[in-house]
Structures are given as structure tokens and as C-alpha cells.
A.B. asks: 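Here it is: the structure, laid out below.
Everything quoted here is computed from the prediction, not taken from an experiment.
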Amino acid sequence: MSAPLNSLCEMPYTARIGPDVWTAQCLLQRGEVVAIPTETVYGLAGNAYDTRAVTKIFSIKQRPYTDPLIVHIGCMAQLEDVAHALPAQAQVLAKEFWPGPLTLLLAKKPAIPDLVTAGSPCVAVRMPNHAVTLHLLRQLSFPLAAPSANPFGYISPTTPQHVANQLGTQVPYILSGGRCRVGVESTIVGFEHERPILYRLGGIRVEAIEALLGPVRVANSPAPTQPVVPGSLLQHYAPTQPLTLGDIPQLLRQNREQRVGILAWDHYDPGVDTAYQRILSPTASLEEAAQHLFAHLRTLDALPIDRILATHVPDVGLGRAINDRLRRAARA
Ligand code: TXA
Ligand code: MG
């Protein structure tokens, strides 16, 4: 093992950010946890077969062990090691959307430790569509368990700097791969008696799935206290500041006494300093809005304000995933 790599592993870490797949590969092979880019959000990755590496992920994120992790694969051959035969409709979805922002809940094989699935017989699997991470996954002899690389409950990271800001001293290496192209997490689809159920709205639009499979049931969202997908709790993806969701002019009238930051859809509110406003998409594009969502929330969260005011976006396509994240971020 080279001296530089050893020095990377010395605590406390110095938040090294770089594009070097080989460094990430060596660290992962020796059981370390590394932040990786994907097209949705950055992940906090470790060897999915190694319970010590997986334990580190839970501990760095301060994530409850009841909330299972997605397993990332680099090719279809790796799928056979982690999951049993796919339901017919899962095959259709994997063929169409992998690599891409789709996670499938499948019957797990014994190679995946119970720790990864929080004791569930189902494993969540996805093949991410990011050239750097696909290359990394294809160099490894194991799949990567990876939740989003943020402290549990906080906003997901869409740049390497977001990861460094919060977890920089806890991971030896942040593999950089630019700003995430999609910007919201993967869509999660499970199967009940071979029928698809959508458990998390995300980067693959419901309409695109329904175009292939016909009408698909969307599980209660936000979920009750014991959801099938444990991470779909009512409050999640939340900034530190309170966030109120609604009609901005009306919210401004109701919050006259407070210092506010605004997350707007496609234009500034004329009554508020633009330094305290972020626009999701000046051209009213839902794709652009999804790319900006988490970065804008982080920027607003760092301002000297009392409250973030945010507005819904059109509830179609990626807009459904954006509105879902905003609802979860909102609290009184
Ligand atoms: O886009 C994404 O999916 C990103 C990138 C890094 O791949 N990952 C991500 O992971 O969002 P995380 O851990 O933040 O969210 C995964 C969700 C959680 O709500 C978790 O409860 C659910 O997937 N999940 C994971 N494994 C599961 C399983 N075996 N059964 C049910 N739900 C599962
Ligand atoms: Mg997450």
C-alpha cells in the first residue's frame, strides 16, 4: 500500500476531494468508506459484503440501523450475486432505465448481509448512471452499499463540496464527479405479487414507468410511521431552518415580522432583496429545478434568516419528486 494512501486513512481526515478512481478503489478494498458521485446525489459508499464497512456508513451518517441501504452495481452480472430472479416487470424496468435513477426492491441473496437491508428479505438495487462511478464499480469485486452522503435527515448533497462541508473529517476521500445531473434521488419501485408499487418519487418520472407498465400504484406519500421503505418518513431532506410551503406572496404577508429566504419557482418576488431569494428554474424547466433544488436549499439554510418560504412546482414529471421533497422539508 502506498504511503499517500496510508496517510489518507489517518484520522482525522482532511476532506480530500479528487477525481482519482484508483484511490477510491484501494480505500474501498481495504474496508474504508468513500463518497462517490452519481447522477442523482452523492453517495457514502462501502463494500456491501463487509459488515464493518457498512457499520461505518451507518455511524458516519448517524443513521438508524432500521433504515436499509441501496446496493449499487456496475453491470447486470453483479445483479445475480445480490438478488434472485427478477419479476417480469422488473426486467422491463431494468432494461429500460439502467444505468439510471431507478432503484428496484428485489428478493435478496445471502451474500447481502442483513445489516444492509435492516433485516428485510428484500434488497434495494440500482445501477447508477455516472461514468466515474460506473468505472469504479466495474473495477471492484463487490457491489457498493451507499445511502446519500449527508447526515441523516438533512438535505442530500449534489456537489463534492456539499459532502466535504458536512462529512469531510469523517471520510478519507471524496471522489469528485461534478454537479449531479439529475439532482433528486432515485425512484424506488417494489413488487407485491409481481405487481409494481412506487415507493419513492424520484429521478425517473412516474409517467415514463407507466408508459411501459400501465398504471402503477404510488404508495402513501409521505408514509405513515412503519413504511415498507423505512426512509420515507414524513420529515426528511430537511434544512435546519423551518421551511413553510405555499403561495409566496401570501406567505410573505403572514410572515412580515420574520427575516425570510425564498425558494421560488421561476421568478423573483419584487418585494424581497434578491440576495435572499433562489429561483429553481428561470425557464420553468422541471429538470433544471431538480438540479438546483438541494443546492438552493443549502444556500438559503446558511443565510441569517428565521424561515425559508418555498413554493410548489407544477405537479407533473420530475415536479412530483420535487414537491415530495419540499413537503418533507417543510415544518411549521
Ligand atoms: O439516488 C439514490 O437513490 C441515492 C444515490 C446515492 O444512489 N441514494 C439514496 O439512498 O437516496 P438513501 O439511503 O438516502 O435512500 C434510500 C431509501 C431509503 O428511504 C431506504 O429506507 C430505502 O431506500 N431502502 C433501502 N433499502 C431498502 C430495502 N431493502 N427495503 C425497503 N426500502 C429500502
Ligand atoms: Mg438519503
A.B. asks: Is it possible for you to say whether Leu134 and Phe142 belong to one hydrophobic cluster, with membership spreading through side-chain heavy-atom contacts below 4.5 Å?
C.D. replies: yes
A.B. asks: Check whether any side-chain heavy atom of Val260 sits under 4.5 Å from a side-chain heavy atom of Tyr276, and report yes or no.
C.D. replies: no
A.B. asks: Out of the candidates Arg181, Glu185, Arg126, only one should pair with Thr38 under the side chain to side chain donor-acceptor pair (under 3.5 Å) rule; please name it.
C.D. replies: Arg126
A.B. asks: Report the C-alpha separation of Met76 and Leu79 in whole Å, then their side-chain angles, then the decisive distance to 0.1 Å, and conclude whether the side chain to side chain contact (heavy atoms under 4.5 Å, CB included) test is met.
C.D. replies: CA-CA 5 Å; Met76 287 310 276; Leu79 183 62; 3.7 Å; yes
A.B. asks: What verdict does the side chain to side chain contact (heavy atoms under 4.5 Å, CB included) test give for Asp81 and Lys109, after you've listed the backbone C-alpha separation in whole Å, the side-chain angles of each residue and the deciding distance to 0.1 Å?
C.D. replies: CA-CA 7 Å; Asp81 300 332; Lys109 281 201 172 157; over 6 Å; no
A.B. asks: Any idea which heavy atoms bring Pro113 and Thr51 closest together, and the distance?
C.D. replies: CB-CG2, 3.7 Å
A.B. asks: I want to check something: taking the side chain as every heavy atom from C-beta on, are Asn323 and Pro314 in contact at a cut-off of under 4.5 Å?
C.D. replies: no
A.B. asks: Between Cys180 and Thr40, which heavy-atom pair has the shortest distance, and what is it?
C.D. replies: CB-O, 3.2 Å
A.B. asks: Taking the side chain as every heavy atom from C-beta outward, state whether Ile70 and Ser186 have any atom pair closer than 4.5 Å.
C.D. replies: yes
A.B. asks: On a heavy-atom basis, which atom in Ile305 and which in Gly261 lie closest, and how many Å separate them?
C.D. replies: CD1-N, 3.6 Å
A.B. asks: Show the nearest heavy-atom pair for residues Phe191 and Leu105, with the distance to one decimal.
C.D. replies: CD1-O, 3.8 Å
A.B. asks: Using the rule that two of Ile, Leu, Val, Met, Phe, Trp, Tyr join whenever any of their side-chain heavy atoms come within less than 4.5 Å, decide whether Leu115 and Leu144 are in one cluster.
C.D. replies: yes
A.B. asks: Does any N or O in the side chain of Asp247 come within less than 3.5 Å of the main-chain N or O of Gln250, such that one atom is a donor and the other an acceptor?
C.D. replies: yes
A.B. asks: Determine yes or no for a side-chain-to-main-chain donor-acceptor pair under 3.5 angstrom, with Lys56 supplying the side chain and Val171 the backbone.
C.D. replies: no
A.B. asks: So which heavy atom on Ala53 is nearest to which on Gly31, and how close?
C.D. replies: CB-O, 3.7 Å
A.B. asks: Just checking, is any N or O donor in the side chain of Gln161 or Arg298 under 3.5 Å from an acceptor N or O on the other one?
C.D. replies: no
A.B. asks: Please determine whether residues Leu280 and Tyr268 belong to a single hydrophobic cluster, defined as Ile, Leu, Val, Met, Phe, Trp and Tyr linked transitively by side-chain heavy-atom distances below 4.5 Å.
C.D. replies: no
A.B. asks: Using the rule given for side chain to side chain contact (heavy atoms under 4.5 Å, CB included), can you reason through Phe294 versus Asn150, listing the C-alpha separation, both sets of side-chain angles and the distance that settles it, and then say yes or no?
C.D. replies: CA-CA 11 Å; Phe294 291 144; Asn150 52 282; over 6 Å; no
A.B. asks: Which atoms form the tightest heavy-atom contact between Gly183 and Val41, and what is the distance?
C.D. replies: O-CG1, 4.1 Å
A.B. asks: Flag the pair Leu28 / Leu136 as yes when at least one side-chain heavy-atom distance between them is below 4.5 Å, and no otherwise.
C.D. replies: yes
A.B. asks: Report yes if some heavy atom in the side chain of Arg320 is under 4.5 Å from a heavy atom in the side chain of Val218; otherwise report no.
C.D. replies: yes
A.B. asks: Are the side chains of Gln89 and Val189 in touch, meaning some heavy atoms are under 4.5 Å apart?
C.D. replies: no
A.B. asks: Please report the interatomic distance NE2(His292) to CZ(Arg278), rounded to the nearest 0.5 Å.
C.D. replies: 10.5 Å
A.B. asks: Report the distance from atom CG of Leu44 to atom CD of Gln170, rounding to the nearest 0.5 Å.
C.D. replies: 9.0 Å
A.B. asks: If only atom types and distance count, is the side chain of His130 paired as donor or acceptor with the main-chain N or O of Gly177 below 3.5 Å?
C.D. replies: yes
A.B. asks: Using modelled atom types and a 3.5 Å cut-off, is there a donor and acceptor pairing between side-chain atoms of Thr117 and backbone atoms of Pro68?
C.D. replies: no
A.B. asks: Does some side-chain heavy atom of Pro19 sit less than 4.5 Å from a side-chain heavy atom of Val132?
C.D. replies: no
A.B. asks: Could you give the distance from CD (Glu96) to CD1 (Ile204), rounded to the nearest 0.5 Å?
C.D. replies: 8.5 Å
A.B. asks: Taking Tyr173 for its side chain and Gly18 for its backbone only, find out whether a donor-acceptor pair lies under 3.5 Å.
C.D. replies: yes
A.B. asks: Would you find a donor on one side and an acceptor on the other, under 3.5 Å apart, between the side chain of Gln277 and the backbone of Asp269?
C.D. replies: yes
A.B. asks: When rounded to the nearest 0.5 angstrom, what is the spacing between CD in Gln78 and OG in Ser141?
C.D. replies: 8.5 Å
A.B. asks: With no hydrogens and no angle check, is any side-chain donor or acceptor of Arg307 less than 3.5 Å from a backbone partner on Thr244?
C.D. replies: no
A.B. asks: Is Asp306 reaching over with its side chain to a backbone N or O of Arg259, donor-acceptor style, under 3.5 angstrom?
C.D. replies: yes
A.B. asks: Within the supplied structure, the quantity of interest is the number of heavy atoms (other residues, nucleotides, ligands) at a distance under 6.0 Å from Lys95 NZ; does it exceed 12?
C.D. replies: no
A.B. asks: One pair to check against side chain to side chain contact (heavy atoms under 4.5 Å, CB included): His312 and Leu245. What are the steps and the verdict?
C.D. replies: CA-CA 7 Å; His312 289 102; Leu245 193 53; 3.4 Å; yes
A.B. asks: Taking the side chain from Glu39 and the backbone from Asn129, do they hold a donor-acceptor pair closer than 3.5 Å?
C.D. replies: yes
A.B. asks: Please tell me whether Ile279 and Leu252 are part of a single hydrophobic cluster in this structure, the criterion being side-chain heavy atoms less than 4.5 Å apart.
C.D. replies: no
A.B. asks: Are Arg325 and Ser156 linked by a side-chain donor-acceptor pair shorter than 3.5 Å?
C.D. replies: no
A.B. asks: So, Arg200 side chain and Ile188 main chain: donor-acceptor pair closer than 3.5 Å or not?
C.D. replies: no
A.B. asks: Do His162 and Thr159 have side chains that get closer than 4.5 Å, going by heavy atoms?
C.D. replies: yes
A.B. asks: Working to the nearest 0.5 angstrom, can you tell me the gap between Glu32 CD and Thr23 OG1?
C.D. replies: 12.5 Å
A.B. asks: Once you round to the nearest 0.5 Å, how far does CD of Glu287 lie from CD1 of Ile322?
C.D. replies: 8.0 Å
